[in-house]
Amino acid sequence: TPKNREAFKKKMLWINRLVCLFGQDDHGFTPLLWSAREGQGAVFDLLLSCGARVTALNDGGDSGLHLAASKGNKGIIQRVEYHSVIKKIC
């Protein structure tokens, strides 16, 4: 069905983005930045646990926090803030 095909395409897009953890696309987006922008909390957590840099910036100078806030992704905002606090403590 068209709905299943669309879901499959989205999953394949995420898989392609996950293939290169630290790579950037032609706009400087890393997989972590994409997951922050799109509100993909589980993917964001997975990438962080694999060592993705929460401080990464795209070519426009946007961080994951900026991108999450621009889309109203509160869960990602909380994750970035939590990660930043933990990093300061450790």
Side-chain angles (χ1 to χ4, degrees):
T1 66
K3 188 175 181 178
N4 288 339
R5 277 190 289 261
E6 187 62 30
F8 177 76
K9 284 181 186 179
K10 285 183 180 182
K11 286 180 184 176
M12 290 306 297
L13 182 60
W14 279 108
I15 289 169
N16 287 335
R17 289 179 181 155
L18 287 171
V19 168
C20 184
L21 180 62
F22 296 104
Q24 294 179 303
D25 67 12
D26 53 341
H27 299 286
F29 278 78
T30 64
L32 188 79
L33 292 176
W34 274 113
S35 65
R37 181 180 182 269
E38 299 300 320
Q40 297 289 325
V43 174
F44 188 88
D45 292 342
L46 174 65
L47 292 167
L48 278 181
S49 73
C50 292
R53 292 181 307 123
V54 75
T55 57
L57 303 175
N58 66 14
D59 291 348
D62 298 314
S63 68
L65 183 60
H66 293 125
L67 296 166
S70 73
K71 296 289 187 173
N73 295 327
K74 294 177 184 176
I76 298 294
I77 294 168
Q78 291 170 340
R79 285 170 168 85
V80 172
E81 290 172 343
Y82 174 79
H83 184 76
S84 297
V85 168
I86 294 299
K87 198 112 171 139
K88 287 178 185 176
I89 292 171
C90 300

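Since we're looking at a predicted model, the values are computed, not measured. Just so you know, residue 1 is the first one in the sequence shown, and it goes up from there.
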Q | Test item: I77 and E81 side chains (from C-beta on) under 4.5 Å apart, heavy atoms | A | yes
Q. Between C50 and L47, is any pair of side-chain heavy atoms under 4.5 Å apart?
A. no
Q) Can you name the salt bridge (Lys or Arg N to Asp or Glu O under 4.0 Å) partners of D25, sequence neighbours left out? A) none
How long is the straight-line distance from [atom2] of [Y] back to [atom1] of [X], given to the nearest 0.5 Å?
X	Y	atom1	atom2	result
L32	L46	CG	CG	10.5 Å
L67	W34	CG	CH2	9.0 Å
F44	E38	CZ	CD	13.5 Å

On a heavy-atom basis, which atom in [X] and which in [Y] lie closest, and how many Å separate them?
X	Y	result
G60	N58	N-OD1, 2.9 Å
R37	K71	O-CG, 3.3 Å
I76	G39	CG1-CA, 3.9 Å
G23	P31	O-CD, 3.5 Å

Q | L33 with L57, same ILVMFWY side-chain cluster at under 4.5 Å | A | no
Q: Output every pair passing salt bridge (Lys or Arg N to Asp or Glu O under 4.0 Å) with a member in residues 41-61, not counting sequence neighbours, ordered by first then second residue.
A: D45-R79
